[in-house]
Amino acid sequence: MTTYSRCKGGTTMSERYEDSYLYRLRHSAAHLMAQAVQELHPQVKLSIGPPIENGFYYDIEFAEPIHEEDLTAIEKRMKELSKLDQRIQRMEVTREEAKQLILDSTIPGMGAETSEYKLQLLEAIPEDQVISFYDQQRTDREGTLHRFLDLCRGPHVDSTKEVKNFKLMSIAGAYWRGNVNNKQLTRIYGTAFETPEELEHYLHLLEEAKRRDHRVLGKELGLFMFSPRVGTGLPLWLPKGATLRHVMTDFLQQEQLKRGYQPVVTPHIASIKLYEKSGHIINYRDKMFPFMEDEDGDKDTYILKPMNCPFHIEIYSSQMRSYRELPVRYAEFGTVHRYEQSGEVTGILRARGFTQDDAHLFVTPDQLQSEFIGVVDLMQTVLNKLGLTEFRVRVGTKDPSSDKYVGHDDNWTAATNAITEACDKLGLDYEVSPGDAAFYGPKLDLIIKDALGREWQMGTVQVDYNLPERFELEYIGEDSKPHRPIMIHRAPFGSLERMIGLLTEQYAGAFPLWLAPTQISILPIADRHFEKAEEIASELRSRLFDTRPLRVNVDDRRETLGKKIREAQLQKVPFMLILGDRGLEENTVGVRSREDGDLGEMRLSDFLEKLV
RNA sequence: GCCGACGUAGCUCAGUGGUAGAGCAGCUGUUUCGUAAACAGCAGGUCACCGGUUCGAAUCCGGUCGUCGGCUCCA
């Protein structure tokens, strides 16, 4: 039997969240909410109500749709029920007793009309597992027994009075058992903590997180924009954002050149024939933009590309390949378009048009493992340079029960083994996730959280035996006979859009010097300093930093110094150079850093030395 | 796509049935200033769009579009 320790902040270092008091508290909060809902709306059908990372939810089928204002009443009822100090008691029962309880219409909330989900849950419980209910009861002044009984594995806290620092957050639709073909239930999200301070603190953190949201910062810092006239999920990159893209692509390009990649460039559209051959038309059609079909039928049908691979394959297969050429590594910052569902588009973290830092490696079976390891090494270099340390590694494999995949099982097995063996060899800490493969092969993904704690798939490496087969790719081996190469698809950033969105949130817009769209802002104090300021700017722009000219701007508005500093600070410019009479006379600048404030007067050459 | 919420000036927001408001940004003028917002004046809006209810709609109702939080799906 597990013992539970109580501690401030929910969990101790050594304790899993699932074993914590906070976890039980939130689970009980879900039950308390269900009880309140059931009293206010007696015809509801309850389904499941688990604790989650920052709170809890309960999925409920309502007879009438409910709205956010209804949450106030539910919250109020929860507070009342909490104070009644109902004991929460566990009952273990046999399967038959469980069924009788669920169908017993004399117990509030139970009975055949409202228990379809509970019955399904009961059926899903394995034979060898204990079946338990949790019962919260009280007797009112008139002596009437009130009761909330729920089929539940538990565990829970001892009394409803422990659940008092909570807040209902939002309403959402959620499909029963996560399946789109099932009925959509109403999910109510809430959060709960042990103390009012912790609850306040959490709500405060949420507010803070909103301020580092990449959509907010993207607007404030002038990185990118959207226009309804252009279309949902189609970002327009502003000068500063475009600069960021260039810095990032230059960096990666150079890393790739060092590793023997070759650049290629391919079109944005292709004849439908290409994608029929690749299998995208069958497997990916619903994610593609509408096809460009000629009404008169005179012209071929064209497709806006959702992936770059078929183009790179065409280049590979355009001539005979010898084993001596392999591995062939074609790299392209390839812009693709995918028609994401309208409810899924999220700023530049999930856009409908985005640029992958894509490459395709064509390798012999002998080379597969070392090339795979080389790719993982590149990804580590990239993560390191970008300063990303918090990520999860996921190996996405085929879901055996789904038919959305192409290719033979042998190939899938070989590819999956290649990935896991390489990971084991590298000592990577990864988890295997069935159903998260691409339709053509298994993959290794890096998962990173955004400001609001949502997880995003970033970099990816995919081993693919299937497209080479569909396109009948070959190389001539040492034995003078044709062999089939294996493909590795890989993107260390994942996409520029998603990576920039994430970096923006990670750094709260204060990009490190090498990434900052404006690295230095020169702030002349009065008109008579403008000319010299421009001179210094050109001088700085002629210097290379990280292989690129320094990015410098001059704030030549007729504003006070205080205002110029404030705005440069809000724009998160790493360095400000203040130029006034002192600077003209002594040939110096006042240096101010974004982080450390005033660094004093110094000669330009000294400042430049300090930069590197 | 589905469930819920929101849409007022370039931005952030106030305005719940009776003549559209504030701060910042913009423009004009004054100020030429040393480390996070100078001062004054001016201008700026089919209250997302379309339709309805009403003597009268930013406000109430319906639809469309867009955005946000989820679900499903994904880089």
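Throughout, a chain's letter reflects where its sequence line sits, starting with A, and its residues are numbered from 1.
Figure legend. B/C13 is base-paired to B/G21; pairs are counted as Watson-Crick or G-U wobble with both atom distances under 3.5 Å. Under the Watson-Crick and G-U wobble criteria, each requiring two contacts below 3.5 Å, nucleotide B/G45 is left unpaired. In this structure B/C68 sits in a base pair with B/G4, meeting the Watson-Crick or G-U test at under 3.5 Å. Pair check for B/A40 finds B/U28; Watson-Crick or G-U wobble, both atom distances under 3.5 Å. Pairing partner, B/U59: none, since no Watson-Crick or wobble contact has both distances short of 3.5 Å.
Between B/C3 and B/C60, the distance separating the two C1' atoms is 24 Å to the nearest Å. Annotation: B/G69 and B/C55 have their C1' atoms spaced 41 Å apart (nearest Å). Taking the P atoms as reference points, B/A43 lies 29 Å from B/G7, given to the whole Å. Atom P of B/G63 sits at a distance of 25 Å from the matching atom of B/U16, rounded to the whole Å. Rounded to whole Å, the P atom of B/A25 lies 15 Å from the corresponding atom of B/G41. Using P as the reference atom, B/C24 and B/A40 are 10 Å apart when rounded to the nearest Å. Taking atom P on both B/G1 and B/G52, the two are 27 Å apart, rounded to the nearest angstrom. Atom name C1', nucleotides B/G17 and B/A5: the rounded distance is 24 Å, in whole Å.
In the set B/A36, B/C73, B/U12, the nucleotide with an atom closest to the side chain of A/Lys219 is B/U12. For A/Thr232, taking side-chain heavy atoms from C-beta onward, the closest of the listed nucleotides B/A36, B/U67, B/C3 is B/U67. Closest approach to the A/Arg338 side chain among B/A75, B/U67, B/A36 is made by B/A75 (side chain taken as heavy atoms from C-beta onward). Considering only side-chain atoms of A/Ala172, the nucleotide from B/A38, B/G69, B/G34 that sits closest is B/G69. The listed nucleotides are B/C33, B/A75, B/G4; the one nearest the side chain of A/Glu68 is B/G4.
We find that CG of A/Asn181 is positioned 13 Å from C1' of B/C73, with the value rounded to whole Å. When rounded to the nearest whole Å, the span between NZ of A/Lys564 and C1' of B/A38 equals 13 Å. A straight line from CG of A/Asp70 to C1' of B/G4 spans 11 Å, rounded to a whole angstrom. Between A/Ile66 atom CD1 and B/G4 atom C1' there is a gap of 9 Å when expressed in whole angstrom units. Taking atom CD of residue A/Glu61 and atom P of nucleotide B/C71, one finds them 19 Å apart after rounding to whole Å. When the C1' atom of B/A75 is taken as reference, atom CZ of A/Phe391 falls 17 Å away, rounded to whole Å. We find that CZ of A/Phe226 is positioned 8 Å from P of B/U67, with the value rounded to whole Å. At whole-Å resolution of the value, CD in A/Gln341 and C1' in B/G70 are 13 Å apart.
Between A/Val406 and A/Tyr440, the closest heavy-atom pair is CG2-CA, 3.8 Å. The heavy-atom pair separating A/Asp357 from A/Arg490 by the smallest distance is O-NH2, 2.9 Å.
No side-chain donor-acceptor contact under 3.5 Å links A/Tyr17 and A/Glu53.
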Open item on the list: Quick one, A/Leu611 with A/Gln519, criterion side chain to side chain contact (heavy atoms under 4.5 Å, CB included). Give me CA distance, side-chain angles, the key distance, then yes/no.
Closed with: CA-CA 10 Å; A/Leu611 266 194; A/Gln519 294 169 309; over 6 Å; no
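Under the stacking criterion of a centre-to-centre distance below 5.5 angstrom and an interplanar angle below 30°, A/Phe354 sits stacked against the six-membered ring of B/A75.
Salt bridge annotation for A/Arg557-A/Glu567: present, with a cationic side-chain nitrogen under 4.0 angstrom from a carboxylate oxygen. Ion pair A/Lys443/A/Asp436 not flagged as a salt bridge, since none of the NZ, NE, NH1 or NH2 atoms sits closer than 4.0 Å to an Asp/Glu carboxylate oxygen. The pair A/Glu390-A/Lys449 fails the salt-bridge criterion, with no side-chain N (NZ, NE, NH1 or NH2) lying under 4.0 Å from an Asp/Glu carboxylate O.
The side chain of A/Tyr189 contributes an N or O atom lying less than 4.0 Å from OP1 or OP2 of B/C71. A close approach under 4.0 Å does not occur between any side-chain nitrogen or oxygen of A/Thr346 and OP1 or OP2 of B/C68. Between A/Gln356 and B/A75, a side-chain N or O to OP1/OP2 separation shorter than 4.0 Å is absent. Contact check, A/Arg498 against B/C74: no side-chain N or O comes under 4.0 Å of OP1 or OP2. Put simply, A/Lys563 has a side-chain N or O that comes within less than 4.0 Å of OP1 or OP2 on B/A25. For B/G69, the OP1/OP2 oxygens have a side-chain nitrogen or oxygen of A/Arg215 closer than 4.0 Å. Side-chain N/O atoms of A/Lys443 include one lying less than 4.0 angstrom from OP1 or OP2 on B/A75. For B/C3, the OP1/OP2 oxygens have no side-chain nitrogen or oxygen of A/Thr186 closer than 4.0 Å. Within the 4.0 Å cut-off from OP1 or OP2 of B/G1, at least one side-chain nitrogen or oxygen of A/Ser342 is found. Side-chain N/O atoms of A/Arg454 include one lying less than 4.0 angstrom from OP1 or OP2 on B/G69.
Relative orientation of the A/Tyr284 and A/Phe439 rings is tilted, given thresholds of 30° and 60° on the angle between their planes. Classified by interplanar angle (parallel below 30°, tilted 30° to 60°, perpendicular above 60°), the ring pair A/His360/A/His489 is perpendicular. By the 30° and 60° cut-offs, the orientation of the rings of A/Phe193 relative to A/Tyr202 is tilted.
Side-chain atoms of A/Ser495 come within donor-acceptor range of the base of B/A75, with a qualifying N/O pair under 3.5 Å. Side-chain N/O atoms of A/Glu601 and base N/O atoms of B/G34 include a donor-acceptor pair closer than 3.5 Å. No hydrogens or angles were tested; on distance alone, a donor-acceptor pair under 3.5 Å links the side chain of A/Arg350 to the base of B/C73. A donor-acceptor contact under 3.5 Å links the side chain of A/Tyr175 to the base of B/G1.
Residue-level contact check: A/Val336 touches neither bases nor backbone, having no heavy atom under 4.0 Å from any strand. Across all strands, A/Met576 comes closer than 4.0 Å to no nucleic acid atom at all (heavy-atom distances). Residue contacts shown for A/Gly580 include a base, since a base heavy atom lies under 4.0 Å away. Using a 4.0 Å heavy-atom criterion, one finds that A/Glu567 contacts no nucleic acid atom at all. Among the atoms of the strands shown, none is found under 4.0 Å from any heavy atom of A/Asp436. Contact annotation for A/Ala351: base contact, defined as any heavy-atom pair under 4.0 Å involving a base atom. Contact annotation for A/Gly583: base contact, defined as any heavy-atom pair under 4.0 Å involving a base atom.
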